[in-house]
Structures are given as structure tokens and as C-alpha cells.
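Notes for the one structure printed next.
No hydrogens, no waters, no symmetry mates; every other heavy atom, side chains included, goes into these values.
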Protein chains: 2
Amino acid sequence: MADLYEKVMDVAKRRGFLWPSFEIYGGSAGFYDYGPLGTGMKRRLESFWRRIYCIEEGFHEIETTLIGIESVFDASGHLKCFTDPIVVCKKCGEAFRADHLLDGVRDISIPEIDKLVKSSGVVCPACGGELGDVEEYNLMFSTHIGPGSKRRGYLRPETAQGIFTNFERLLRFYGGKLPFGIVQIGKAFRNEISPRQGVIRLREFTQAELELFVHPNDKKHPNFDRFSSKRIPLLPAPNQIKGEDAVEMKLKDAVENGIIAHEVLGYHIALCWDFLIRAGLDPKKLRFRQHLPEEMAHYAADCWDAEALTERFGWIELVGIADRTDYDIKAHALKSGKELKVFCEYKKPKKKTIVDVRVDMGKLGPLFKEESSKVADAIKKLPKEELEKDKIKVEVDGKTFEVDGGVVEVVQREIEVKGEKVTPHVVEPSFGIDRIMYTLLEHSYYEDFVEGEIRKVLKLRPKLAPIPIAVLPLMSKPELIDPAKKIVHEIRKSGFMCEYDERGFIGKRYRRFDEIGTPYCITTDYQTLEDDTVTIRDRDTMRQVRVPMKEINKVVHNLILETWNFEKMRERYINI
Amino acid sequence: MADLYEKVMDVAKRRGFLWPSFEIYGGSAGFYDYGPLGTGMKRRLESFWRRIYCIEEGFHEIETTLIGIESVFDASGHLKCFTDPIVVCKKCGEAFRADHLLDGVRDISIPEIDKLVKSSGVVCPACGGELGDVEEYNLMFSTHIGPGSKRRGYLRPETAQGIFTNFERLLRFYGGKLPFGIVQIGKAFRNEISPRQGVIRLREFTQAELELFVHPNDKKHPNFDRFSSKRIPLLPAPNQIKGEDAVEMKLKDAVENGIIAHEVLGYHIALCWDFLIRAGLDPKKLRFRQHLPEEMAHYAADCWDAEALTERFGWIELVGIADRTDYDIKAHALKSGKELKVFCEYKKPKKKTIVDVRVDMGKLGPLFKEESSKVADAIKKLPKEELEKDKIKVEVDGKTFEVDGGVVEVVQREIEVKGEKVTPHVVEPSFGIDRIMYTLLEHSYYEDFVEGEIRKVLKLRPKLAPIPIAVLPLMSKPELIDPAKKIVHEIRKSGFMCEYDERGFIGKRYRRFDEIGTPYCITTDYQTLEDDTVTIRDRDTMRQVRVPMKEINKVVHNLILETWNFEKMRERYINI
């Protein structure tokens, strides 16, 4: 029997959501294309994400290059740390992820894995041959920029680095003030050793990332109240170790009890939850799992993954929400020699005592001639207690100079300090768009039994359905086709995607649109010719209402933007 | 004095439209990032393109991988033909595009360029050193897929190949019928030898491409009438050779006189023109130039470029509209061994005469025993005139067999043929989004003199402006700030990007928004507190109207979607 992955992928491939890339040349693991319906749905998912993160939350988007130069990934640590342990078969030459050949091995060092592989007697899973040494394998795709091999480039492993390298310009764009946030949606790459999980593990994938720059000592969120009483299933690290399941917790309690480190992290866990649910994921198959200390990425201090339950793959990560602290900004400051800091004013200016040491050059000059200014500088650097002595000794260029305490005057004064320069911390929600796409398909898919046949349905939200509206003449007759085409034209003119279909029996056509998640079908029939009304059929209940043609645009608009649902339609129009 | 490119790029860099990538590490030629405003504008440009090509024209979009395997580019010809002539200095090692070191050289072979470089005595422009041999340099970025170097991958040089390799699935998606069209918007790459034209020549860029599959013998367009009387400035190849300028021509005449090869090409030239003008390019600085035969890409039969006039770079290509004929589909069919054809029904079934050759096996069997069926097959393959002879001779496995003519009967019959399999032709409009972006900035930029100061303005269309609306309290006072923030919240909730700004004098703030192309600023002032009205200021005329707060959402909606202009506002509201 086909499992759910197979059933969903059957619809996905057959109808044009997801296609293995380069299929005519035998394909290549880890690469998938989005067909017309997959792309339509992905565009809508990305728009919905932008609606929440850019428009509602007010974070601007940037678009940086996919190819990065070596310095960027040297600084970020990807050159050194973005690796997997690899082992190659001595006989057939196939490569494997070494830790995947061992049971229950997680996050141990290369030499340790090597020892385990050798001691356990594991052989090549492909040919039974002897395996070589376990080595480190960098997961970035590398290339060369321009002719020759002098200038190495890498395909970015995450969109985030493009934001970090533009930090100075972004800070200026936001008026030099914290907090500020920047998002990016785009491709990222991970040259997996041998990806074997279909659309779940891709070598080329789409990320939607937010980098939120906050003051290291202020991780409160001004709108935390919005979500504070929201209940979310959380699986903290200690509970995982004890083998427990996720438990629903009030966000406020989770932050107050230190389960979630701070409000900013808590707010973004809740915002992410909100996004995933409103996109159409099943809340009963969703949880937030905290990373165990040993699985944390090289840059993260704390990290929570939004995980979704799938039939074949179990719980899979859809989103990672990490506190990257000042790791990245400090690393780029060090590597580039730029001061990547933000001047932050204190709430109240702070008083600070400044000690001025004044040296009487009129007396020092005649004594030490051309060496006198060097001597004065050395004196100024002495500790306070030395300066209070009667005779002050300093050493300059190996020579000792002695001066009378009277030539030095120590003056203390109080100044006001308005603020200080700080390296911001970064909180990063990072969404794996492709996995969300697949999970949406799986969580939306169901079959029921209608009129003696299996009906396959994708219960997609209207705002994500690639074809939100289809217009079908009841029969392929000119008098029904004409008004149907007129409606199609009207709907497209007002900016919505709309399909027209006259091929085959109406029941078959409804099924075709159920299978691709079209929530509403409009049908012209013989009553249309009498009273200018059409029917609108609801995918989920299969019920229909009859609506005047002149109201179609308004109705379609409200249904697709989800300001109306079908219940409302049944109250408002003729329920048939 | 700064030229226009410098002025535009000053605004673009300072305000966050375009930033050189990896600037903190010294940058890298050919790579630019889009800052927050550039990205906002690019998103809007892409949406507008989708609005026209996907929703109005009905072409579905797909999204294929950026990394392609070797077979794809072997078939497409990019491995062999996507090259530039390169020459490297023997002394300093710098690489140059060889043909750019010679004057007026265009599209000649590598050996010819090599001869010219050597005979002309050109030296290295960087150090004066001697140059090496001219060689072919492939412009694709290459990488390896998975571990080791066995599986070479390339970053796609155009989005089109991802559409061609999915041809079979796409044909099925469109019900197996021509014509159909598929679009793709995404990154493409060209590893230039030494790009020196700023944002005009990028190594990583965004394309928006349509691949329209049509019947090779039917290049009429059903909606050609829509544009047939449109006048467009055209510069055909013969006129270029004569050194003439573009001339305005009626589209219909251009197609009828064979200047534009066919209606499909003509329709898409007009649709492209329409898009560019409605996006905001200056029609006086736009033309369509036909490729000269020698500059045509390796796959194209005819090609027209939409070119825009820029101050520093002269006429630059923004869009190429090519008839790629069956080049690509045939190439992929050959390489993959798949039959990439479409069964096309004739308008009327055709009659065809079929010749059946029947051999009397009852007579042949006893004569030739086990060899008789081979002999019969050989007889059936003989030409008609041989079959009409009294004695028929055939050779099978080196042996000659002779049979009496009477054992063979030749029957002719007429059959009806419904259609035939054809390889479709492809018409491709290919848009360079980054160049359109830059040109929009340049064509939109102007300076005027207001209140004793230079006012810098980007006259962007409201639908493309990254910040379409700004809300400014007249002064930074709580009683004016509160209603202003309420308006911001309202506008964002209805899905539009909107900025809030209270820093500095109102005049300065208007200037800041003029410079980034914000078409409308809403201001709350003391009259707002009395009668709940606000002012809306128009960027271009600097005039204002006073509008009731409760109508703001409707007004903003209509202004941004360009269903109202400011003239209409002045008629409708209090003109101040």
C-alpha cells in the first residue's frame, strides 16, 4: 500500500506541484522543480510570509547575492564548521555520511566516528566493500569567480550572511538605532553527501529568514502581551533527555520560568506558530523543540525548532528560531577590521569619574630636553598611587627617569556619558519554505468516498491555493461557455488567478479541482440564462450557493482573501 | 561634474536601493545587493510583470533549480557556445576580454581575434606587458554536485533551460495542446571575464522569461488586433547597417512588410513595450533593435532587443525577444533520447494513400521452409517497380531468392490521417530585471530648485515605489503623533507598506521621501485635531489636498493601485 508520502507525491507530480529536476536525463538527488501549481502555491506562501513579517511587523526585505566570496564564509565559520563526516568505499568509490552508518551516533568528533566505523566493522552499504578513513566534508558548493582559480566563491549556505555583511548600511538605513530587523527570502545551498529523503532533503532550497538585531541587555519585546497567554506545545531540552513529549504551555509562563530564554525569542516562537497555523498546517501535528546543547549550530546560544509530524519521516524541522548572540557580527568585525557596533544611549546619562594627569612641561623640558615629551607620556600612564609619591620614577626606552612629585598634578572630574557602543545580538527565525510546502500538502491531503469513487482532496487555504477559482460551464455549449468566459475575464482583470475548464462531465471536473486544492468552482448552467445567477461550489462541503453574476467579483475577492467563508455565503445567498 | 549614473547611484547607495556586495571585504566586480528600498521596488516590478504575463496573459510560472547538471548544458549548446575570447597578460596575469582590446571587432572567430591581437601589437592595459594567446573562455560558473569531482554542475546561464527540460510534463499540464506558455523569474549567472560597468554588467542577475511554444507553421496570434495599430520605434537590421535611427512604425505594417517575422513576435514586442512604458520608462528613450545576423545567439533565428537610452552607457539591452525555433527542444530530444513532440490535429483530416504488400505464405512456405518469413519481409521492403516484375529477386543473409510475381499482391488504399507530431517552435521574451531597475531609476531621476535648494526626485510610478505612502506628524508632538500612528496602523493592516517619520522639519522630511520616490505623504496637523482631516501631498506637483481621516484607506488604496491620480483628488477633496 502506498504511504501518505507516495500518495501526496503522486498528486504533486501528476498535477504539477513538484517535479524531480532534469528528469529527462535521469534526475539528480536533492534537486526538485516546482511545477505551475507548486510555484503558484509557493508564491502565495511567500507573499503571506511577507504580509506578516514585512508589512505587519515592519521588517524590510533585502536581496543579496547567492554567490559569496571566500572572506564572508571564512569569517562566518562556514569554511571550518559547515561540514559532515564523510567516508568513501575503497571498492566502489561511493560516498556516505559516516555518522549515518552508525546507530544512535550524534555530534561526536571526526576521529571518534572514524574509530567507531573501524571498530564496528561497518562495510559499504552499496557493495559490501571496505570503507576508507572518515574525513571532514564541507557542505558548501564552491566555484571560481572570473577566469582562473584565484578567486574562490561559494553558494551561500544561508541567506543570513548577506544581511550581516551589509550590517553598517542597514544600521544607517534604520537611523542608527536598535532594535531593527531585516528579512530575506531566497535560495540557499547545501551540497549533501547523498540525500535520500526526496523533497525533504534538498541540495538547493528556499529560505525565508529574519535577522533581528537587538541590544544584548534588552531582550524584552514591546508587543509580547499580544501572545503572552497563547498556549504552544513545547519540548524543552531537559524533557527530551527524559524522553517526554511536548507539553502545551502558556508563552508567558515559559518565558517567566526560563524555559524560553527571553521575550524576543518567545514572541518569535509565537509569531511563527501563528504563521504556520494560518498557512494551514495541522496544529495537532506541530511542536517547538529546543535544541539539545550538543546539536546547536556553531553560532547559536539557544535554538527552538518548529517541527511538524509527517507520516514517513516523523517529526521534521520546518523553522529554526535561534539566538545567534553577537557571534556573526563580531566575527565579521574581526575579519574585516570594521567596527560593527551600535552607539546606544543610556536611558539616563551615566556619571563617570575621569582622572586627568597634567605634567608641568615648563619644568620637565629643561630637564630631559628632546626626551621630555616621551617622559610625560609615560608618567600619564602610571597608576594613581605612583603619581602620589614624592619622587616619581618612569622607564622610557630602557632608561629610568626620576622627577619630583611637584611637576605632576592629578585632577579628578566628573563627566556625563550619554551611552556606549555595543555589538548587537541577533535573533533569527529561519524558515525552510520547501519543507513547509511539502508539509502543507501532506497535512492538507485527504480522501473520502463520494458517489462510489474515492475523492482526493487538498484542503488548502483559499489564500494559498494555486488556482483559487475555476469557472466551469455545466456543459460544453456556446450559451453556457460565453457567460463562463466572461466571468473568467472579469476575475482575471481584477487581479486573481482563475482557470477555465469545459472538458468532460461536471463531476469529473469538480474532482480535478478538488485534487489541486481549488476551494471554489463557479458553474454556469441553464438557470444562468434565465436569471443571471451562477452556482459557487465549496470544495470541502461540496455544497453550493447561487449568486447573481453581478456580485461575482465582490464574492470572489472576499472568498480568496478569506474575509468571507462558505458559511457566510450560505447565509447570504440562495443555499441550494 | 557627476554624470547621471553617479547621481543616481549616489541616491541608490545612500538610501538603500543598490549596494555593492561584500563591501566590507572590498567588494567583487559584477555583484550587487538590493537594499531595503531596491528590494521593495524589485518585488513590485516583478509583481507587475506577473500581473501582465501570468494573470492577464494566462501563462503559468514554474521555478526550477539554479544548479543544472552537465547533460542539460551539453544539449543546450552552452558548454560549447556560451563563451567569450579571453587573453591573459604574460607579465601580470590579469585576464581581459580579447575582442574588447581591439576597435570595432565583433563576432569573429578565436583564431582571427588571436591574429589581430598579435598583429596590432596590443599590450596589457594594466601593466603594458605582453599578452598570451587568445583562447575560448566558458562563461558558466561550474561546481561539483556531491563529494568528489565526478558530477559537474553549472549555475544556469538562463532560466529557459529549466522550462525546456520539463517540456513533457508541461505539455501534459496544458492538456497536450499548442500553443502554451510558461514563465520563470529567477537568478541566472554569467561569469564575466572582467565586468566594468557597475550595475549594468552583473555576474549574478535576475531574469524574467517567457517560453511560448507554438506550432511551427502557425505563428499568428489570436489577439494581434489588440496591438496592431500601435506605433513602436523599430530599428531593423538593414537600417542599422545603413547607419539609420529607429523609426516609428505601426505594428501591423511591420509584420505585413516582413520587418517583424510574424504576429507572435510582433504581439510580444508590443506587450513588452506596453509593460516597460507602464512600469515608468521614458518612451522617448526606448526602441526595439533587430539583431544583426552575426550577433544572433547560437539558438536564435530572429531577435529584437528592447533597448533603453542611458546617459553613460548609451543604448543598453533590457529585453531580448527571440524566435528560438525548434533548436532547444530538438537538442534535448536528441541528447535525452525522448520524443519531445506534440501531436497536432489537422484542421481537416488528410487523405493518405497506403500501399499494402501481401505475400502468399501458402506458396512461399513450402519453397523456402524456415527462411520463408525472412524472404517475405524482404519482399515487402522492395520498391514498387520491383514488385511488378514477373520474377522477383531478393537477397537475404547473402543468399538470393527468386519467386514468381504471382505470389505477391500489391493493394493500395486510402486512409484518413488526423494529424501529425511536430516539434514546437519557441518564442522567448527574456527580461533583464536588474537593468530595467537601474534604467527606471535613471529615467525617473530629476532635480529641481525649490525654496533655494536642489530637490532630488525619483518620479517612480506609485505601484513601483518601495514606500508608496509616508505618514508624518507636522511636528513631533504627542497630539499629532497619535493620529499619525493610527493611520500607519490602518494602512499596514489593509496590506500596504507605509512608513512613519517624525524626525526634523516637515520640509526636510518631504525632501527625504521625494528622493526615494514616495508619491504621497500624509500629514497630521492642528486642523486634524479640529475636524479629523489630514493633508495628502503629491510628490510631483508638491500640491496638497485635505481629506477626511475616515476616507484615508479608500484614498490610499486607489492612489497606490493607480485607479486615481492626484488630479482626481484635487477635484474630489479640498484643494489647498
Sort out for me which of [options] touches chain B most, counting heavy-atom pairs under 4.5 Å.
{"options": "Arg203(A), Met497(A), Arg43(A), Lys187(A)", "answer": "Arg43(A)"}
{"options": "Gly186(A), Gly153(A), Ala95(A), Ser71(A)", "answer": "Ser71(A)"}
{"options": "His332(A), His489(A), Arg172(A), Gln161(A)", "answer": "His332(A)"}
{"options": "Pro36(A), Gly38(A), Ser21(A)", "answer": "Pro36(A)"}
{"options": "Tyr137(A), Trp19(A), Phe167(A)", "answer": "Trp19(A)"}

Least distance between heavy atoms, [X] atom then [Y] atom:
{"X": "Gly175(B)", "Y": "Arg503(A)", "value": "CA-NH1, 4.1 Å"}
{"X": "Arg169(A)", "Y": "Pro20(B)", "value": "NH2-CD, 4.4 Å"}
{"X": "Leu66(B)", "Y": "Phe189(A)", "value": "CD1-CZ, 3.8 Å"}
{"X": "Ser28(A)", "Y": "Arg151(B)", "value": "OG-NH1, 3.3 Å"}
{"X": "Arg492(B)", "Y": "Arg51(A)", "value": "O-NH2, 4.5 Å"}
{"X": "Pro147(A)", "Y": "Ile193(B)", "value": "CD-O, 3.5 Å"}

Can you confirm whether [X] sits close enough to [Y] that some side-chain heavy atom of one is under 4.5 Å from a side-chain heavy atom of the other?
{"X": "Leu37(A)", "Y": "Phe173(B)", "value": "yes"}
{"X": "Lys42(B)", "Y": "Glu61(A)", "value": "no"}
{"X": "Glu499(B)", "Y": "His60(A)", "value": "yes"}
{"X": "Thr206(A)", "Y": "Glu63(B)", "value": "yes"}
{"X": "Leu155(A)", "Y": "Leu155(B)", "value": "yes"}
{"X": "Glu168(A)", "Y": "Glu23(B)", "value": "no"}

Contact winner vs chain A - Thr165(B), Leu340(B), Ile55(B), heavy-atom pairs under 4.5 Å: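 Heavy-atom pair counts peak at Ile55(B).
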Pick from Gly35(B), Gly26(B), Ser47(B), Ala29(B) with the largest number of heavy-atom pairs that fall under 4.5 Å of chain A: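 The option with the most such pairs is Gly35(B).
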Given heavy-atom pairs under 4.5 angstrom as the criterion, report whether the side chain, backbone, both or neither of [X] touches chain B.
{"X": "Thr563(A)", "answer": "neither"}
{"X": "Leu170(A)", "answer": "both"}
{"X": "Ile69(A)", "answer": "both"}
{"X": "Ile467(A)", "answer": "side chain"}

Residues in salt bridge (Lys or Arg N to Asp or Glu O under 4.0 Å) contact with Lys335(A), at least two apart in sequence or another chain: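 Asp74(A).
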With sequence neighbours excluded, residues passing side-chain hydrogen bond (donor to acceptor under 3.5 Å, both in side chains) with Asp84(A):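 side-chain hydrogen bond (donor to acceptor under 3.5 Å, both in side chains) check on Asp84(A) returns Arg97(A).
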Partner residues of Ser194(B) under the side-chain hydrogen bond (donor to acceptor under 3.5 Å, both in side chains) criterion, sequence neighbours left out: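 Expected list: Arg196(B).
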Distance in Å, Thr39(A) OG1 paired with Arg50(B) CZ, rounded so as to fall on 0.5 Å steps: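 These two atoms lie 9.0 Å from each other.
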Side chain to side chain contact (heavy atoms under 4.5 Å, CB included) partner of Phe22(A), chosen from Thr64(B), Ile67(B), Val72(B):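 For Phe22(A), the side chain to side chain contact (heavy atoms under 4.5 Å, CB included) check succeeds only for Val72(B).
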Residue Lys493(B) versus chain A: region with a heavy atom under 4.5 Å: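 Contact with chain A involves the backbone of Lys493(B) alone.
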Residues of residues 139-146 of chain B with any heavy atom under 4.5 Å of a heavy atom in chain A: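 Phe141(B), Ser142(B), Thr143(B), His144(B), Ile145(B), Gly146(B) fall under the 4.5 Å cut-off.
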